Amino acid sequence: MAHVTGYPTRTWPGRPFPLGATWDGEGTNFAVFSDGAEAVDVCLFDEDGTEHRVPLEETTNKVWHGYLPRIAPGQRYGFRADGPFDPASGARWNASKLLLDPYARAVSGALVLDDAIFGHPRDRDDDVQDHRDSAPFVPRSVVVHDAFPWGEDPRPQTPWADTVIYELHVRGFTAQHPGIPPDLRGTYAGLAHPAALDHLVQLGVTAVELMPVHHYVTEPAVTRRGLTNYWGYNSLGYFAPHAGYSSSGDTGGQVGEFKAMVRALHHAGLEVILDVVYNHTAEGDETGPTLAFRGIDNPAYYKLVDGRRYANYTGTGNTLNGRDPHVLQLIMDSLRYWVTEMHVDGFRFDLASSLARSFHAVDRLSAFFDLIQQDPVVSAVKLIAEPWDAGEGGYQVGQFPPLWTEWNGKYRDCVRDFWRGAAPPLAEVGYRLSGSSDLYQDDGRHPYASINFVTAHDGFTLRDLVSYEQKHNDANGEGNRDGTDDNRSQNLGVEGPTSDAAIVEDRQRMVRNLLATLLLSSGVPMLVAGDEIGRTQDGNNNAYCQDSPVSWVSWDLEPWQGDLLSFTRRLIHLRREHPVFRRRAFFTGRPSHGAGVKDLGWFGPSGEELTDADWSRPAVTLGVFVDGEEIHSRGPRGERIVDDSFLLILHAGASPTGFTLPGVPWAKTYEYVLDTAVAEERGFRPEAGTTLDISPRSVLLLRALR
């Protein structure tokens, strides 16, 4: 930080825009919105923590602003807002509380759980204003200079249909990687290291979806249990990269390190998608700490039920008020900042239904979606909704506007049910494998509107999904009450680890089945970091507070894990090489070329096409024929794209079965491509009409030859 000899005691008038702290080379302009405040100070901190308060004397349209000469990048600061304190009406202004700038580009320091300031909720009287100074215990904002030598930064701009997403945690992915220097593990620089990039490139994914990197703090209740909020879904700074992932310190270096990471990922051909949490903040419910928004303008920033209490559609204690114009401005300014200044390529919106709520109901045409649609910057990047929240009517899969893609929870549930032997209806399985046209076609969207996934950060890993039938979350300190009970999992005979070779073999095959199903379905596949190498969380399906090897990716691989990695790479390469698996338009189920073959055919074990009556029957064994002669896509010069045709056979039964290969006009012979039940590829070509022996719980892919 540039040394300042004697801070200014008064501000120059400055400007109300842009909000936040803006350095111009000679000084810094400070601007913060607060409707009901009666006075606002900007608070400047020395290296030793000494505070210097300077009143912001100018207000323009509810924005308090002022310019301070000689205040330079690296300066730590905060705000104090004085005004009425009446929790019953939602007013919670309190000059004793140091407040983080909602527009801070960097955050320094941690939230210290001091019982004198943040005592247990049961010991508080919510109506009594707390005059104890919070400054020693809360983070500070940091003045930042945005300049960065981007040079050539080739944004990959991967088409949606060609995208393969890899969800990862910056710390968890790099914390134990032996190829990354120890001082860079767990950091943005670690993710930018060639060892990390090499794994991603060799795997073949096209985009990394980073779990929250907005600056966040741990909830006091979690801290009291001796744990931390590892996942990061507790945002406090919507413009600031989380300082805990920085190897460059917390006085602004985290910003340049994040940008360098993005540049390195782009040069490797990888897009960067951020998991963003605009639905709630780290301040919790009415008993939570006052850190920023609550003390700046509580009625504007939060949905309030009766003034005192917070609407809780997120399950975290509060919900941001997406109907307020200043909150909408904050969200849109944040999104544009991450695209324009940080060069990210898209966003996944956590609990997106809560952003669309108008009072109680979920409104898909809310002001938030209107703003996204018309914004020339944000509308041009990848937008992914988690289409549900914790409130009534919040499950909105298939209901988001055409600009959006969605995490397809129905795909996850159906695929899990099929492979655990729950035998969902054939129609349900058919829709999910072919792009979920029942969810996305009626409003003009495409198969790639469906983000297909079997696992995510929230829930069992892929390995645990076939090893546990019950959650094992005791380490979280909540009596195993946290986490979902709807796992749709199976243990194949034993709960957890086993030395039974037959069960181990079954589990490994089931993992391959789930990966093959995911990567050969229409839609955009999403993998979770570590699933490609059989990562386990020992049955913990809610490891949000486990900053430990429980959550970190282990790179010490057993031989079967190396084989699984090779298998996953092969599947992704197969998908990349064959556009028939990356369709840009929905199947029609009708002949599309002279041979009279439908673009999509469904078959039972007899080798006959399914009839209308079959679709309501339980799904156990299914053949899916995808025709590559006409895939409704055009090349860069408008040329018709022609691909191979394939027959995909999925058998979820616990016993072997026979499957007769469809004959002419579908194919004359078939060529084995992969079989999840065998270690080596089969080298022969069965004739059409041959009845194959299909192993229990297995996937078989064959190329059709005419």
Side-chain angles (χ1 to χ4, degrees), residues 1-12 14 19-24 26-32 34 37 39-57 64-82 93-114 116-118 130-146 215-217 236-244 246 248-256 282-283 289-296:
M1 181 178 73
H3 181 69
V4 176
T5 303
Y7 288 96
T9 58
R10 294 193 65 179
T11 61
W12 298 355
L19 293 169
T22 306
W23 182 66
D24 64 4
E26 296 182 354
T28 300
N29 189 81
F30 295 92
V32 59
S34 182
V40 176
D41 291 347
V42 59
C43 308
L44 309 172
F45 291 88
D46 291 335
E47 293 288 346
D48 63 3
T50 302
E51 179 181 352
H52 304 266
R53 302 184 190 181
V54 184
L56 295 177
E57 298 175 346
W64 299 74
H65 55 92
Y67 180 90
L68 290 176
R70 296 183 293 119
I71 300 301
Q75 173 69 56
R76 296 177 178 90
Y77 73 98
F79 295 118
R80 294 181 186 269
D82 200 3
W93 285 276
N94 186 345
S96 299
K97 306 306 175 188
L98 182 71
L99 307 173
L100 195 77
D101 180 0
Y103 279 72
R105 268 44 172 183
V107 177
S108 176
L111 172 62
V112 179
L113 187 60
D114 184 275
I117 302 298
F118 306 120
D130 182 2
H131 293 289
R132 292 170 293 187
D133 186 7
S134 69
F137 310 106
V138 298
R140 284 96 163 89
S141 312
V142 182
V143 177
V144 169
H145 182 36
D146 285 330
H215 192 87
Y216 64 88
V217 297
L236 186 61
Y238 290 120
F239 294 78
H242 184 62
S246 170
S248 309
D250 66 356
T251 57
Q254 61 264 50
V255 179
E283 293 185 298
T290 296
L291 303 174
F293 311 95
R294 175 175 289 142
I296 290 174

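Model, not experiment: these values are computed from the prediction.
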_Val32 side chain near Val40 side chain, heavy-atom distance below 4.5 Å_ = yes
*If you measure from NZ on Lys97 to CZ on Arg294, what distance do you get to the nearest 0.5 Å?*
11.5 Å
_Note, Arg76 side chain near Asp250 side chain (heavy atom, < 4.5 Å)_ = yes
*asked:* Measuring from atom CG of Leu100 to atom CG of Leu291, what distance do you get when rounded to the nearest 0.5 angstrom?
replied: 8.0 Å
*asked:* Quick check: closest heavy atoms across Tyr103 and Gly20, and the distance to 0.1 Å?
replied: CB-CA, 3.6 Å
*Quick one: closest heavy-atom pair of Leu98 and Pro139, and the distance?*
CD2-O, 4.3 Å
*His65: ring-ring contact (aromatic ring centres under 6.0 Å, His included) partners, not counting sequence neighbours*: none
_Is there a side-chain contact between Pro102 and Tyr238 in this structure, where contact means two heavy atoms from C-beta onward sitting under 4.5 Å apart?_
no
*asked:* Donor-acceptor check, side chain of Asp130 to backbone of Arg132, threshold 3.5 angstrom: yes or no?
replied: yes
_Would you compute the distance between atom CZ of Phe137 and atom CG of Leu111 and round it to the nearest 0.5 angstrom?_
10.5 Å
*So, does Thr11 use its side chain to make a donor-acceptor pair with the main chain of Leu56 at under 3.5 Å?*
no
*Among all residues two or more places apart in sequence or in another chain, which pass the salt bridge (Lys or Arg N to Asp or Glu O under 4.0 Å) test with Arg80?*
Glu51, Asp133
*What are the two closest non-hydrogen atoms of Thr9 and Pro55, and how far apart are they?*
O-CD, 4.2 Å
*How close do Gly295 and Glu283 get, heavy atom to heavy atom, and via which atoms?*
N-OE2, 4.5 Å
*Value rounded to 0.5 Å, distance of CG in Asp82 from OG in Ser34*: 10.5 Å
*Shortest non-hydrogen contact from Ala81 to Ala37?*
CB-CB, 4.3 Å
*Leu68 versus Leu44: any side-chain heavy-atom pair under 4.5 Å?*
yes
*What is the distance from atom CG of Asp24 to atom CD1 of Ile71, rounded to the nearest 0.5 Å?*
12.0 Å
*Determine the minimum heavy-atom distance between Pro69 and Pro8, stating which atoms define it.*
O-CG, 3.8 Å
*Can you tell me if Gln254 uses its side chain to pair, donor with acceptor, with the backbone of Gly252 under 3.5 Å?*
yes
*Non-neighbouring partners of Tyr77 that pass ring-ring contact (aromatic ring centres under 6.0 Å, His included), sequence neighbours left out*: Phe30, Phe79
*Would you give the length of the straight line joining atom CH2 of Trp64 to atom CG of Asp41, rounded to the nearest 0.5 angstrom?*
9.5 Å
*Out of Arg70, Arg53, His52, which one pairs with Tyr7 under the side-chain contact (heavy atoms from CB on, under 4.5 Å) rule?*
His52
*Is there a donor-acceptor pair under 3.5 Å between the side chain of Arg140 and the backbone N or O of Val138?*
yes
